Amino acid sequence: MSAPAPPMGLLAELTHRCPLQCPYCSNPLELERAAGELETADWLRVLGEAADLGVLQVHFSGGEPTARRDLPELVARAAERQLYSNLITSGVLLDERLLGALVEAGLDHVQLSFQDAETESAERIGGMAGAQAKKFAAAALVRRAGLPLTLNFVIHRRNVERLPAMIALGAEFAAERIEIAHVQYYGWGLVNRAALLPSRAQLDAATATVDAARLAHKGRMVIDYVVPDYHAERPKACMGGWGRRFINVTPTGKALPCHAAETLSGLDFPSVRTSSLARIWRDSPAFERYRGTGWMAEPCRSCERREIDWGGCRCQALALAGDAGKTDPACALSPDHAVMQAAIAEAAANPSMEFVYRRIGASATERA
Ligand code: SF4
Ligand code: FES
């Protein structure tokens with residue numbers, strides 16, 4: 001078996017701590033506490049190992065990565081090793097001093113997330129009063145610092161009507177790019193699916209808005225758009241394929257092929273505390289398990305798209321079809337595709353008006 005090509009990106013999930021509590025957070029349901037987080041020295045070593053392995057980009061994320069005091073030091077190491085660095089942040093802890101330190105350390109790009117364009121709704125979704133003004137201030141600081149800026153909007157049934165205002169906000173801040181991503185229904189998103197899943201009519205209106213905005217802002221602002229699997233006919237290549245493009249390191253140092261991989265209980269994910277990133281990438285059975293096409297059953301095995309979408313998402317296959325080795329139910333060729341239609345009908349018939357907020361230490365009973 002030949003060695004896999006190196007990953008393009010390292011997703012460095014520095015911490016699960018975050019002042020916001022978005023009900024679609026991509027972090028696992030069991031969040032890590034600060035006491036279990038990797039030390040600065042560990043992250044510095046991991047960044048060096050990533051560069052040695054051939055990684056090109058590091059995405060500093062969380063939780064809220066600016067909650068780590070050592071962030072400028074980590075960015076400086078990334079710059080020293082010529083890794084392109086992207087800060088994925090809610091912006092609520094970003095002040096002039098911290099941004100100055102990050103710029104000085106060599107930060108290349110900021111991706112700033114918004115919960116909505118309208119303040120009251122945004123703060124209800126994020127579960128933090130006063131957050132929106134802090135985000136506006138953070139966007140202005142990033143502009144003043146001259147860093148490239150992407151605004152990220154996660155959209156769903158409760159905010160999709162304000163998509164035009166979100167795009168206008170991107171233009172107001174002269175963002176180079178805005179990313180409009182429908183909620184992905186894993187983890188917290190799946191718990192909150194009945195409150196968040198949009199109707200077909202909402203999705204179609206959003207897609208038309210994006211198409212028109214792309215024309216209107218052509219040459220000035222790029223608009224990325226991620227549609228929800230539930231209304232799709234074919235799945236997305238989740239993470240660009242398992243163990244192909246990204247390696248994700250959790251706050252405690254577990255190396256994963258995707259942020260939700262720990263839901264796949266039969267796999268043993270190695271730690272960067274005890275193995276090098278290169279060894280994990282090349283030799284870990286967990287990374288090998290769904291890499292490429294050898295693991296596939298029908299209908300993926302003989303499908304002409306098998307090296308395009310890599311069978312979709314393993315975590316979604318487990319969550320909705322009960323087996324991570326099955327075709328992603330987002331695919332219309334999957335025998336389990338009907339579960340997607342059933343979820344859409346259920347969300348339309350019994351929409352929830354309440355969010356289950358993401359927070360550290362929430363017990364299963366509290367979440368139910
Ligand atoms: Fe992709 Fe498998 Fe569906 Fe083909 S059958 S489109 S490879 S998920
Ligand atoms: Fe794990 Fe898609 S989120 S493979």
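These values consider heavy atoms only, across backbone and side chains, with no hydrogens, waters or symmetry-generated copies. Everything numeric here is computed off the predicted structure, so don't read it as measured data. Counting starts at 1 for both ligands and their atoms, following the listed order.
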For Lys134 versus Val92, what's the shortest heavy-atom pair and its separation?
CD-O, 3.4 Å

To the nearest 10 degrees, how large is the angle at atom 2 (Fe) of ligand 2 between Cys313 SG and Cys238 SG?
110°

Could you list which atoms of ligand 2 come closer than 4.0 Å to a heavy atom of Cys315?
1 (Fe), 3 (S), 4 (S)

Taking 2.8 Å as the cut-off, does an N/O/S atom of His259 lie below it from atom 1 (Fe) of ligand 2?
no

Can you tell me the protein heavy atom closest to atom 4 (S) of ligand 2 and the distance?
Arg314 N, 3.4 Å

Closest non-hydrogen protein atom to atom 4 (Fe) of ligand 1, residue and atom name please, with distance?
Cys303 SG, 2.3 Å

Near Cys258, which atoms of ligand 2 are under 4.0 Å from a heavy atom of that residue?
1 (Fe), 3 (S), 4 (S)

Can you find a side-chain donor-acceptor pair between Thr207 and Tyr225 that sits under 3.5 Å?
yes

In short, Ser85 meets Gly106 closest at the heavy-atom pair OG-O, 3.8 Å

Neighbour count >12 (heavy atoms, 6.0 Å) for atom CD, Gln82:
no

Could you list which atoms of ligand 1 come closer than 4.0 Å to a heavy atom of Arg234?
6 (S)

Return the residue, atom name and 0.1 Å-rounded distance of the protein heavy atom closest to atom 3 (Fe) of ligand 1.
Cys331 SG, 2.3 Å

Show the nearest heavy-atom pair for residues Trp295 and Gly325, with the distance to one decimal.
CZ3-O, 3.6 Å

Between Arg17 and Glu64 (salt bridge meaning N to carboxylate O under 4.0 Å), is one present in this structure?
no

Checking heavy atoms under 4.0 Å, the part of Cys300 that sits near ligand 1 is both

the protein heavy atom lying closest to atom 1 (Fe) of ligand 1 turns out to be Asp309 OD2, 2.3 Å

Does this structure show an ion pair linking Glu49 with Arg45, if we count only N-O contacts that are shorter than 4.0 Å?
yes

Using a strict 4.0 Å threshold on nitrogen-to-oxygen distance, state whether Arg68 and Asp70 make a salt bridge.
yes

Between Pro235 and ligand 1, find which residue part has any heavy-atom pair under 4.0 Å and reply side chain, backbone, both or neither.
side chain

